Peer 1: 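Shown below is the structure under consideration.
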Amino acid sequence: MEKIMSEITVRDISGNEIRTYYGTPAGEALEKLGITDKNRILAGVRINNEVYNLKLRLTVSSTLEPVYLDSYSGGRIYSQYENQCGRQD
């Protein structure tokens, strides 16, 4: 029996839209939407107004917004990562 992959709709805050498979990592969906900035470091993604890790697998249709390291939310993601890793300055 062939497995059928469900698709979801993912859009960016400008309204650009793609169809992708259920379970696609958020970072990969951003790439498929063409959201890249070579001059900034991507730290996470805002999905439906909540900030998440780029590895989060999308399971519902969503609106995505990149969160860059040089933003307030990006700094918080970085701090949380450092705390989880036990890094100390």
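Residue indices begin at 1 and follow the sequence shown. What you are looking at is a predicted structure, and each value in this text was computed from that prediction instead of being measured.
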Peer 1: Please list all pairs meeting salt bridge (charged side-chain N to carboxylate O under 4.0 Å, His left out) that have one or both residues in residues 17-27, counting only residues at least two apart or in different chains.
Peer 2: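 Only Glu7-Arg19, Arg11-Glu17 qualify under salt bridge (charged side-chain N to carboxylate O under 4.0 Å, His left out).
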
Peer 1: Report the distance from atom CD of Glu65 to atom CD of Glu50, rounding to the nearest 0.5 Å.
Peer 2: 12.5 Å

Peer 1: Which atom names give the shortest non-hydrogen contact between Ala29 and Ile18, and what distance separates them?
Peer 2: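 Closest approach of Ala29 to Ile18, heavy atoms only: O-CD1, 4.0 Å.
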
Peer 1: Side chains of Pro25 and Lys55: does their closest heavy-atom pair fall under 4.5 Å?
Peer 2: no

Peer 1: Could you pull out all residues at least two apart from Thr20 that satisfy side chain to side chain donor-acceptor pair (under 3.5 Å)?
Peer 2: Thr24, Lys32

Peer 1: Please step through side chain to side chain contact (heavy atoms under 4.5 Å, CB included) for the pair Ile8 and Thr59, ending with a clear verdict.
Peer 2: CA-CA 7 Å; Ile8 57 173; Thr59 57; over 6 Å; no

Peer 1: If hydrophobic clusters are built from ILVMFWY residues whose side chains come within less than 4.5 Å, do Leu56 and Val51 share one?
Peer 2: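 Per the 4.5 Å side-chain linkage, Leu56 and Val51 are not co-clustered.
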
Peer 1: Tell me, please, which residues at least two apart from Arg40 pass salt bridge (charged side-chain N to carboxylate O under 4.0 Å, His left out).
Peer 2: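 Partners of Arg40 under the salt bridge (charged side-chain N to carboxylate O under 4.0 Å, His left out) test: Asp70.
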
Peer 1: Does Asn53 have any side chain to side chain donor-acceptor pair (under 3.5 Å) partners at least two apart in sequence or in another chain, and if so, which?
Peer 2: none

Peer 1: Could you give the side-chain donor-acceptor pairs of residues 42-49 under 3.5 Å, partners two or more places apart or in another chain?
Peer 2:
residue	atom	partner	partner atom	Å
Arg46	NH2	Ser73	OG	2.9
Asn48	OD1	Thr63	N	3.0

Peer 1: Just to verify, which of Leu64, Leu30, Ile35 counts as forming a side chain to side chain contact (heavy atoms under 4.5 Å, CB included) with Asp12?
Peer 2: Ile35

